[in-house]
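All figures in this text were calculated on a predicted structure; none of them were measured in a lab.
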Amino acid sequence: MRFCETLLKLTEDPHRRLNALTNEWVLVSPNRATRPWQGEVAETPTAVEPSYDPACYLCPGNVRASGVRNPAYSDTFVFENDFAALRPEVAEQHLDIANRGLIVADTEPGICRVMCFSPSHNLTLSTMNLNQIELVVRGWIEQYRELSALQQIRHVQIFENRGAMMGASNPHPHCQIWATTSIPEVPSKEQLAQQLYWKSHTSCLLCDYLDLEDQQKARLVCQNDGFVALVPFWAVWPFEILVCSHGHLGNLLQFTADHIASLSQILKLITTTYDKVFSVPFPYSMGFHQTPMDDDEHPEWHFHAHFYPPLLRSATIRKFMVGFEMFGTPQRDITPEAAAEQLRGLSRI
């Protein structure tokens, strides 16, 4: 097969892009963006949540499903997940049937916590004020500090699922914090890619990537003194955003008061911009990636967050990872440049 030698047109030609953080590829098909849609159309969210819901397991003073009553908290509130996916008391065991490396399992001791962002049932990061968001960021820092100090913990994953479309079981503003003995698959891939880049270039992968993005500006969405938000070149989800610190920070423990304020501003701007895309509360999964706790130095690690929203064409049509994406390579129709242009315009309104 012979390929045309003309310059690749990123906005027109089907092509694949390398995710430098994971060394995986994503297929981009701009020609599919206009295809007719006769698939699933979800209902538009219409419910208006009250500031207090007596049936909510997370509201102050209410009894959770476990029978434990929440305190009358006034800002953030953290508790051990009543239905935790991990347990700290699990003894470390290894299974390898017939020692063939084919049927292998390891126990995974760990801790799962829930953090409520606010006592108000009807708030989100997009509707909270900056002081309230700063309290959340400070809460994340304290949780990371406490959990990362535990001997058996090597990774702390902070993540938020917003909206029923993303599997959130409760609309009360909250996130989850999972601390694991092993480093999970995605951050492991990112760690390897960053380590290899550091060894080859004696510089940080994401620092160098941000320099290139700043030169091109085609995928930038918004930024302030501390952080930049952009649609990554290798984005899979339609309106995916990558948030990186401007300076070379490894984890939350390196944050100053200015970093806390800057991250709070960026989170507020991203989530309010998302809500403008289709004029509805925008669903997403968001998570932070930062240095593992394995007693090694990690100069290669650069603090960042991923936002993965599922909406594709409207508030009722979402992106599905099926077919070729399950068996081959993730694929997207709208180009990252087009998504960034739309988000960038909305961030200025």
Side-chain angles (χ1 to χ4, degrees), residues 19-24 78 80-81 84-96 99 101 104-115 137-160 175-210 227 232 234 242-256 259-260 263 285-306 308:
N19 182 337
L21 266 178
T22 62
N23 283 320
E24 297 173 326
V78 180
E80 302 291 324
N81 195 316
L86 301 165
R87 302 196 310 271
E89 71 276 8
V90 175
E92 294 191 35
Q93 301 285 341
H94 176 73
L95 172 70
D96 184 352
N99 294 317
V104 178
D106 289 313
T107 51
E108 182 70 21
I111 298 170
C112 294
R113 291 177 177 173
V114 175
M115 174 193 281
V137 176
R138 292 181 185 277
W140 287 335
I141 293 172
E142 288 309 307
Q143 288 300 305
Y144 184 85
R145 187 192 317 277
E146 178 184 333
L147 292 169
S148 65
L150 299 177
Q151 186 174 6
Q152 67 178 358
I153 298 303
R154 298 183 65 206
H155 181 80
V156 176
Q157 183 62 63
I158 300 168
F159 63 97
E160 178 198 7
C175 72
Q176 297 189 55
I177 305 168
W178 290 19
T180 54
T181 302
S182 64
I183 302 174
E185 288 298 301
V186 174
S188 288
K189 292 178 181 178
E190 292 188 354
Q191 180 178 352
L192 178 59
Q194 291 177 97
Q195 284 176 332
L196 292 174
Y197 190 92
W198 183 271
K199 291 177 181 178
S200 299
H201 300 82
T202 62
S203 60
C204 166
L205 185 155
L206 282 177
C207 284
D208 289 356
Y209 172 66
L210 292 181
F227 295 87
W234 52 77
L242 175 69
V243 179
C244 295
S245 59
H246 270 307
H248 185 70
L249 302 176
N251 58 62
L252 286 165
L253 299 185
Q254 298 172 2
F255 274 36
T256 64
H259 291 125
I260 294 172
L263 181 59
S285 282
M286 180 275 289
F288 295 105
H289 282 160
Q290 46 195 326
T291 49
M293 286 70 69
D294 55 6
D295 298 325
D296 291 334
E297 296 293 328
H298 287 284
E300 77 282 356
W301 257 101
H302 192 120
F303 177 88
H304 60 278
H306 299 281
Y308 298 138

For the aromatic rings, using the six-membered ring if either is Trp, is the centroid distance between Phe288 and Tyr144 under 6.0 Å? no

On a heavy-atom basis, which atom in Ile141 and which in Leu253 lie closest, and how many Å separate them? O-CD2, 4.0 Å

So, taking the atom named CG in Asp294 and the one named OG in Ser182, what distance separates them when rounded to the nearest 0.5 Å? 12.0 Å

Rounded distance (nearest 0.5 Å) linking atom CE of Met293 with atom CG of Leu147: 8.0 Å

Compare every heavy atom of Pro299 with every heavy atom of Trp198, then report the nearest pair and how far apart it is. CZ3-O, 3.3 Å

May I have the step-by-step check of side-chain contact (heavy atoms from CB on, under 4.5 Å) for Gln143 and Val156, ending in yes or no? CA-CA 9 Å; Gln143 288 300 305; Val156 176; over 6 Å; no

Where do Trp301 and His248 come nearest, in terms of heavy atoms and distance? O-CE1, 3.2 Å

Check for me whether the distance between the ring centres of Tyr209 and Trp234 falls short of 6.0 Å. yes

His94 side chain reached by Val104 side chain, heavy atoms, under 4.5 Å: yes

So, using side-chain contact (heavy atoms from CB on, under 4.5 Å) as the criterion, who are the partners of Gln93 when residues are at least two apart? Ala91, Thr107

Sorted by chain and residue number, the side-chain contact (heavy atoms from CB on, under 4.5 Å) partners of Ser188 (sequence neighbours excluded) come out as Ile183

Would you list the pairs meeting salt bridge (Lys or Arg N to Asp or Glu O under 4.0 Å) in which at least one residue belongs to residues 105-114, sequence neighbours left out? Glu80-Arg113, Arg113-Glu146

Would a 4.5 Å heavy-atom cut-off, applied to side chains only, mark His306 and Leu21 as touching? yes

Under 3.5 Å, side-chain donor or acceptor atoms of residues 200-207 against the rest of the protein: list the pairs with distances, not counting sequence neighbours.
{"residue": "Ser200", "atom": "OG", "partner": "Leu196", "partner atom": "O", "Å": "3.0"}
{"residue": "His201", "atom": "ND1", "partner": "Tyr197", "partner atom": "O", "Å": "3.2"}
{"residue": "Ser203", "atom": "OG", "partner": "Asp208", "partner atom": "OD2", "Å": "2.7"}

Thr291 side, atom OG1; Glu297 side, atom CD - distance, nearest 0.5 Å: 10.0 Å

Applying side-chain contact (heavy atoms from CB on, under 4.5 Å) to Gln176 and Cys112, what does each step give before you reach the verdict? CA-CA 7 Å; Gln176 297 189 55; Cys112 294; 5.7 Å; no

Rounded at 0.5 Å granularity, tell me how far CD1 in Ile158 sits from CH2 in Trp140. 7.0 Å

Check whether any side-chain heavy atom of Met115 sits under 4.5 Å from a side-chain heavy atom of Cys175, and report yes or no. yes

Which heavy atom of Thr181 sits nearest to which heavy atom of Arg154, and what is that distance? O-CD, 2.9 Å

With sequence neighbours left out, what residues match Glu142 under side-chain contact (heavy atoms from CB on, under 4.5 Å)? Arg145

Quick one: does His304's side chain get under 4.5 Å of Val243's, heavy atoms only? no

His302 versus Cys244: any side-chain heavy-atom pair under 4.5 Å? yes

To the nearest 0.5 Å, what is the distance between CD1 on Ile153 and CG on Leu86? 8.5 Å

Partner residues of Gln157 under the side-chain contact (heavy atoms from CB on, under 4.5 Å) criterion, sequence neighbours left out: His155, Phe159, His289

Taking the side chain as everything from C-beta on, heavy atoms only, tell me whether Glu300 gets closer than 4.5 Å to Gln191. yes

Closest non-hydrogen contact found for Pro109 with Gln152 is CB-OE1, 3.6 Å

When rounded to the nearest 0.5 angstrom, what is the spacing between CG in Leu249 and CZ in Phe255? 6.0 Å

Taking all non-hydrogen atoms of both residues into account, name the closest pair between Pro88 and Ile111 and its distance. CB-CG1, 4.1 Å

